[in-house]
Amino acid sequence: MKRLLGKPLEPSQPTAPPLAPLTPELEPDELQVPEITPAALRSALQDDQPLLLLDVREPYEWRQVRIPGARHMPMNSVPQHLAELPTDRPIVVFCAHGSRSFGVAYYLRTEGLDACNLTGGITQWHVQGGEVEVRTTL
């Protein structure tokens with residue numbers, strides 16, 4: 001038995017049974033959006049899988065850097081242009097870091113489209129070796 005300041009320490013006795021481990025439960029309104037990593041997207045593009053890259057950043061962001069072949073549609077204009085998006089192939093939505101595109105991908109899924117979010121956005125795409133076009137003049 002250990003002593004602390006000269007007093008013996010008694011082993012602690014549990015006063016209640018241990019709690020069962022918590023199982024994750026989804027909230028009814030919790031957003032569920034599939035995500036694709038930059039590496040998995042590069043692989044899909046190399047395999048010529050038919051998909052649409054949808055860039056939902058603002059025009060000034062798109063002018064600075066973009067993924068070649070991506071369709072630009074600023075986030076707030078997506079509802080007005082919904083009919084222009086394909087229903088026969090997956091849509092990979094991205095923004096700068098993946099937050100705005102997560103919400104857009106969720107919206108597209110609620111509208112019946114096969115959409116997912118690019119994890120980390122164009123930033124991680126570029127950091128992990130994805131091809132980008134960069135504005136070279138001011």
So which heavy atom on A96 is nearest to which on T123, and how close?
O-OG1, 2.7 Å
Pairs flagged by ring pair (Phe, Tyr, Trp, His ring centres under 6.0 Å) wherever residues 50-89 is involved - sequence neighbours left out:
W62-H72
With side-chain contact (heavy atoms from CB on, under 4.5 Å) as the test, would you mind laying out the steps for M73 and V104 before giving the verdict?
CA-CA 11 Å; M73 186 180 292; V104 173; over 6 Å; no
Residues 34-46 vs side-chain hydrogen bond (donor to acceptor under 3.5 Å, both in side chains), sequence neighbours excluded, gives E35-N117, E35-T119
Donor-acceptor pairs are to be reported for all side-chain atoms of residues 86-93 against protein atoms at under 3.5 Å, with residues two or more places apart or in another chain.
| from | atom 1 | to | atom 2 | distance (Å) |
| --- | --- | --- | --- | --- |
| R89 | NH1 | L51 | O | 3.2 |

Atom CD in E58, atom CZ in R63: separation rounded to 0.5 Å?
10.0 Å
Value rounded to 0.5 Å, distance of CG in L54 from CG in L113:
10.0 Å
Approximate separation, where rounding is to 0.5 Å, of R109 CZ and D114 CG:
6.5 Å
Would you compute the distance between atom CZ of R66 and atom CZ of F94 and round it to the nearest 0.5 angstrom?
10.5 Å
Steps toward side-chain contact (heavy atoms from CB on, under 4.5 Å) verdict (D55, I67)
CA-CA 8 Å; D55 185 339; I67 297 175; over 6 Å; no
Hydrophobic clusters here meaning ILVMFWY residues chained together by side-chain heavy-atom distances under 4.5 Å, can you tell me if I36 and L85 are in one?
no
For residues L53 and Y106: do they belong to one hydrophobic cluster (side chain heavy atoms under 4.5 Å, members Ile, Leu, Val, Met, Phe, Trp, Tyr)?
no
Drop me the distance from Q124's CD to L41's CG, to the nearest 0.5 angstrom.
13.0 Å
Taking all non-hydrogen atoms of both residues, which atom of L108 and which atom of A115 are closest, and how far apart?
CB-CB, 3.8 Å
Can you get from L118 to L45 by hopping between Ile, Leu, Val, Met, Phe, Trp and Tyr side chains that sit under 4.5 Å apart?
yes
Determine whether E111 and L82 satisfy the following criterion, side-chain contact (heavy atoms from CB on, under 4.5 Å), listing intermediate values before the conclusion.
CA-CA 9 Å; E111 295 296 318; L82 191 61; 3.6 Å; yes
